[in-house]
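Below, chains carry the letters A, B, ... as their sequence lines are ordered, and counting in each starts from 1.
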2 protein chains.
Amino acid sequence: MSISPQNADALAERLSHSGLRATPQREVVYNVLLKKRDHPTADEVFARVKNELPTISLATVYNCLETLVQCELVRAVNFERGPTRYCPNLRPHAHFHDEHTGKTHDIDLPPGLLEKVSSVLPQGYDAKSVEIIFRGKTASN
Amino acid sequence: MSISPQNADALAERLSHSGLRATPQREVVYNVLLKKRDHPTADEVFARVKNELPTISLATVYNCLETLVQCELVRAVNFERGPTRYCPNLRPHAHFHDEHTGKTHDIDLPPGLLEKVSSVLPQGYDAKSVEIIFRGKTASN
DNA sequence: CTTGCGCCTTAGAATCATTCCAATTTGTTG
DNA sequence: CAACAAATTGGAATGATTCTAAGGCGCAAG
């Protein structure tokens, strides 16, 4: 598995923008997230990354994920108590949590929806981000 | 602090409906949530409940909260990794998380908003609940 | 180049929230 | 009252994450 040039570049650019370095660990962690977008936990990322970097430590995986979140290349998602999950989808989207399978699906949002939702906020509330989480089941169950 | 009759009744009714008992611990835990609606953690509930029931254990607080959530008298809320918070507000509402103060505010939602939001779901997705979380700052900061 | 400095990584210890467990206690029912 | 189930309790155990201290690595200044 090798990182594609544009992603590597995007990563390097974002990192250096914050005075950070593009290390092999960070690149592989980011690439793992891009490769399989199933909202993995830090442990799952750790397992996948070890295939490429067998000596990486779990602490480093946590560090890298945190760094990617800071750079806004990745979103951290928490539904219901349990390990944080990571999502490299930067488009505006909601999450659908299937209670049967435990899987999480991205739901793309039409333009303007988030603004419309935000318009319910009273005067004086200034939202920087909006998160929408659905829970339920999908037809395939 | 004594639980008001209607709340005690609502509680007892919901509990017995599920074949459960209305114990002093459950009543006090529920009442603590109703009294100060600041989305406390289990630890915070524990501290407050101890004023009335000094010998209650933390495990019992967790048990009671879990029971109340089962009965749908209370909602468990998880933003960003960290202890679960509890909310006795049953009306449809969103949460606004103030990043300065760390406080969480309830935002009442106009009728139909949740349905409108749910309408973005593709065929085959059946949402049982929708959660909306805003993050940002409020004018008072 | 080579030295120094700050960013990174690492392993393991520490922490925090929560759950589990086994032993009472309490409430209800026959 | 006796027996059984539901609840509570304290403490141990678990799981996820964060902290800490000790090296490594890359690069800018001399």
Check your understanding: Same cluster for B:Leu121 and A:Leu114 if Ile/Leu/Val/Met/Phe/Trp/Tyr side chains link at under 4.5 Å?
Key -> yes

Check your understanding: Is it true that a side-chain atom of B:Ser16 and a backbone atom of B:Gly19 form a donor plus acceptor pair closer than 3.5 Å?
Key -> no

**Study point:** Heavy-atom protein contacts under 4.0 Å, nucleotides 25-30 of chain C, coded B base, S sugar-phosphate only, - none
**Key:** -BSS--

Check your understanding: From the 5' end of DNA chain D to its 3' end, which nucleotides mark the outer limits of contact with chain A, defined by a 4.0 Å heavy-atom distance cut-off (strictly under)?
Key -> D:dA16 to D:dC25

Review point. Starting at the 5' end of DNA chain C and moving along, which residue's nearest nucleotide shows up first, A:Gln25 or B:Asn78?
Key: A:Gln25

Exercise for review: For B:Ile56 and for B:Arg81, locate the closest nucleotide of DNA chain D by heavy-atom distance; then report the residue assigned to the nucleotide nearer the 5' terminus.
Suggested key: B:Ile56

**Study point:** Ion pair B:Lys137/A:Asp126, N-O distance below 4.0 Å
**Key:** yes

Exercise for review: Measure the distance from CZ on B:Arg85 to C1' on C:dA17 and round it to the nearest whole Å.
Suggested key: 12 Å

Practice item. Determine whether the side chains of B:His95 and B:Glu131 contain a donor N or O and an acceptor N or O closer than 3.5 Å. Key: no

Review point. Is the backbone of A:Gly82 close enough, under 3.5 Å, to the side chain of B:Arg81 for a donor and an acceptor to pair up by distance?
Key: yes

Check your understanding: Would you say C:dT9 has OP1 or OP2 under 4.0 Å from some side-chain N or O of A:Thr23?
Key -> yes

Revision key, fill the gap. Residues of residues 58-69 of chain A with a heavy atom under 4.0 Å from any atom of DNA chain C, listed by number, are A:Ala59, A:Thr60, A:Asn63

Exercise for review: Identify whether any heavy atom of A:Thr84 sits under 4.0 Å from a base atom; if not, whether one sits that close to sugar-phosphate; answer base, sugar-phosphate or nothing.
Suggested key: sugar-phosphate

Exercise for review: Remember a base hit wins even if backbone is also touched, and classify B:Thr55 as base, sugar-phosphate or nothing at under 4.0 Å, heavy atoms.
Suggested key: sugar-phosphate

Review point. Salt bridge between B:Arg91 and B:Asp108, side-chain N to carboxylate O under 4.0 Å?
Key: yes

Review point. With no hydrogens and no angle check, do the side chains of A:Asn78 and B:Asn78 hold a donor and an acceptor under 3.5 Å apart?
Key: no

Check your understanding: Should the heavy atoms of other residues, nucleotides or ligands under 6.0 Å from CD of B:Glu72 be counted, would the total exceed 12?
Key -> no

Point to revise | Whole angstrom value for the distance that separates P of C:dC7 from NE2 of A:His17 | key: 18 Å

Practice item. For this output row, return yes or no: ring centroids of B:Tyr125 and A:His105 closer than 6.0 angstrom. Key: yes

**Study point:** Electrostatic pair A:Asp38:A:Arg48 at N-O distance under 4.0 angstrom
**Key:** yes

Exercise for review: Indicate if B:Val69 and B:Tyr62 have the same hydrophobic cluster label, given that clusters are the connected sets of ILVMFWY residues with side-chain heavy-atom separations under 4.5 angstrom.
Suggested key: yes

